Amino acid sequence: MSLKKVLGLMLASRMAGRGGRRGGLGTAAMLGGGMGRKAGLASMAYLAYRAYQDHQSRSGGNQATGQTTGTPTSAQGGIGGMIGSVMESLTGQSQPQPAAAPTQTQTAPEGEDRITDAKALLLLQAMVAAAWADNAISTEERSRIIGQLDAAGADESDRRLVEREIAQPQPLDRLLLQVRDRETAEQFYLASRAAIDPNTPENKAYLDTLRARLSLSDEEVREVEDLTGGV
């Protein structure tokens, strides 16, 4: 599994649910060229959508997700919850549907190739740094994150990478030295926002600080909130 695929899974699952129950990142993948100059944000949404699509193709639908009839998918844990929450954001339906063949609007955004392995690692590290904003990632949360990687077909090197980053988060100052353009600044904020619940005081303070240090405008922040569903 490539770093981009690991990033897509972490975005789609919001770090195994740390960033809220509903998955809004997949929505932008359906916008295609409508994102205009925001190809960098759309490419991240596309990676999240592909993580959902690839897993659904591999698991064969309801049986592998472990879904229980009548239970909203966004309320479930594990990889089934990831699939359900992304599906809800894409279709408004709480029941998984068979994966459709990609259409023209579901093809990779023009800027997707700009997410190199180096940038994917930076964005993964941004997610982990944000997750530590409240000074705690529990053993249970770590197990859930690794469990979702395993369910999505991650190999041993992927697990070691994520475990290492969670155990030894990079200082924010060091990460921000790698943010050298507006697109990367927006992507960094989106990754961070997707990893945490913004409604706790610690996380809200972290996002406010990050927004200021990245010099993001109100409009840029609103665009990120649109992608994350505002929750």
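If you read the sequence from its start, that first residue is 1, and numbering goes on from there. As the structure is a prediction and not an experimental result, all values here were calculated from the model.
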Checklist entry - What are the two closest non-hydrogen atoms of L11 and A194, and how far apart are they? => result CD2-CB, 4.1 Å

Item to check | salt bridge (charged side-chain N to carboxylate O under 4.0 Å, His left out) between R222 and E225, worked out | outcome: CA-CA 5 Å; R222 280 195 299 270; E225 290 299 325; over 6 Å; no

Next on the checklist: A side-chain contact here means heavy atoms from C-beta on lying under 4.5 Å apart; do L176 and L210 qualify?
Outcome noted: yes

Item to check | Close side-chain approach of Q125 and L121, heavy atoms under 4.5 Å | outcome: yes

Next on the checklist: Less than 4.5 Å apart, side chain to side chain, heavy atoms only: is that true for V162 and M10?
Outcome noted: yes

Next on the checklist: Can you confirm whether N135 sits close enough to E202 that some side-chain heavy atom of one is under 4.5 Å from a side-chain heavy atom of the other?
Outcome noted: no

Checklist entry - Hey, what do you get for CD (E165) to CG (L124), rounding to the nearest 0.5 Å? => result 7.5 Å

Next on the checklist: Looking at E186 and E183, would you say the former's side chain and the latter's main chain have a donor-acceptor pair under 3.5 Å?
Outcome noted: no

Checklist entry - Quick one: CG on L172 to OH on Y206, what's the gap to the nearest 0.5 Å? => result 4.5 Å

Next on the checklist: Using side-chain heavy atoms (C-beta onward) and a distance below 4.5 Å, is Q178 in contact with K119?
Outcome noted: no

Next on the checklist: Tell me whether R159 contacts the main-chain N or O of L149 through its side chain, where contact means a donor paired with an acceptor under 3.5 Å.
Outcome noted: no

Item to check | Non-hydrogen atoms of I115 and S43 that approach each other most closely | outcome: CD1-OG, 3.2 Å

Checklist entry - Can you tell me how far the OG atom of S192 sits from the CD atom of Q187, to the nearest 0.5 Å? => result 11.5 Å

Checklist entry - Do the side chains of D158 and L3 get nearer than 4.5 Å, heavy atoms only? => result no

Checklist outcome for this item: Looking only at heavy atoms, the pair that brings F188 and V179 closest together is CD1-CG2, 3.8 Å

Checklist outcome for this item: Heavy-atom closest pair (N203 atom, A133 atom, distance to 0.1 Å) is OD1-CB, 3.6 Å

Next on the checklist: Taking the basic N atoms (NZ, or NE/NH1/NH2) and the acidic carboxylate oxygens, is any pair closer than 4.0 Å for R160 and E163?
Outcome noted: no

Checklist entry - Can you find a heavy atom in the side chain of L207 that is under 4.5 Å from one in the side chain of Y189? => result yes

Next on the checklist: Within a 6.0 Å radius of atom CD on E156, are there more than 12 heavy atoms belonging to other residues, nucleotides or ligands?
Outcome noted: yes

Checklist outcome for this item: Between the CD1 atom in I145 and the CE atom in M127, the distance rounded to the nearest 0.5 Å is 8.5 Å

Checklist entry - T184 and side-chain contact (heavy atoms from CB on, under 4.5 Å): which partner among L123, L122, L214? => result L122

Checklist entry - Do you know which two heavy atoms are closest between A131 and I137, and how far apart they sit? => result CB-CD1, 3.7 Å

Checklist entry - Ion pair present between K204 and D208, side-chain N to carboxylate O less than 4.0 angstrom? => result yes

Checklist entry - Does the side chain of L216 reach to within under 4.5 Å of the side chain of V224, using non-hydrogen atoms? => result no

Checklist entry - Could you give the distance from OG (S157) to CZ (R164), rounded to the nearest 0.5 Å? => result 10.5 Å

Checklist entry - For the atom pair CG (L190) and CE (M44), what is the distance rounded to the nearest 0.5 Å? => result 4.0 Å

Checklist entry - Looking only at atom types and distance, does a side-chain atom of W132 sit under 3.5 Å from a main-chain N or O of Q170, one as donor and one as acceptor? => result no

Item to check | Short N-O contact, D117 and K4, less than 4.0 angstrom | outcome: no

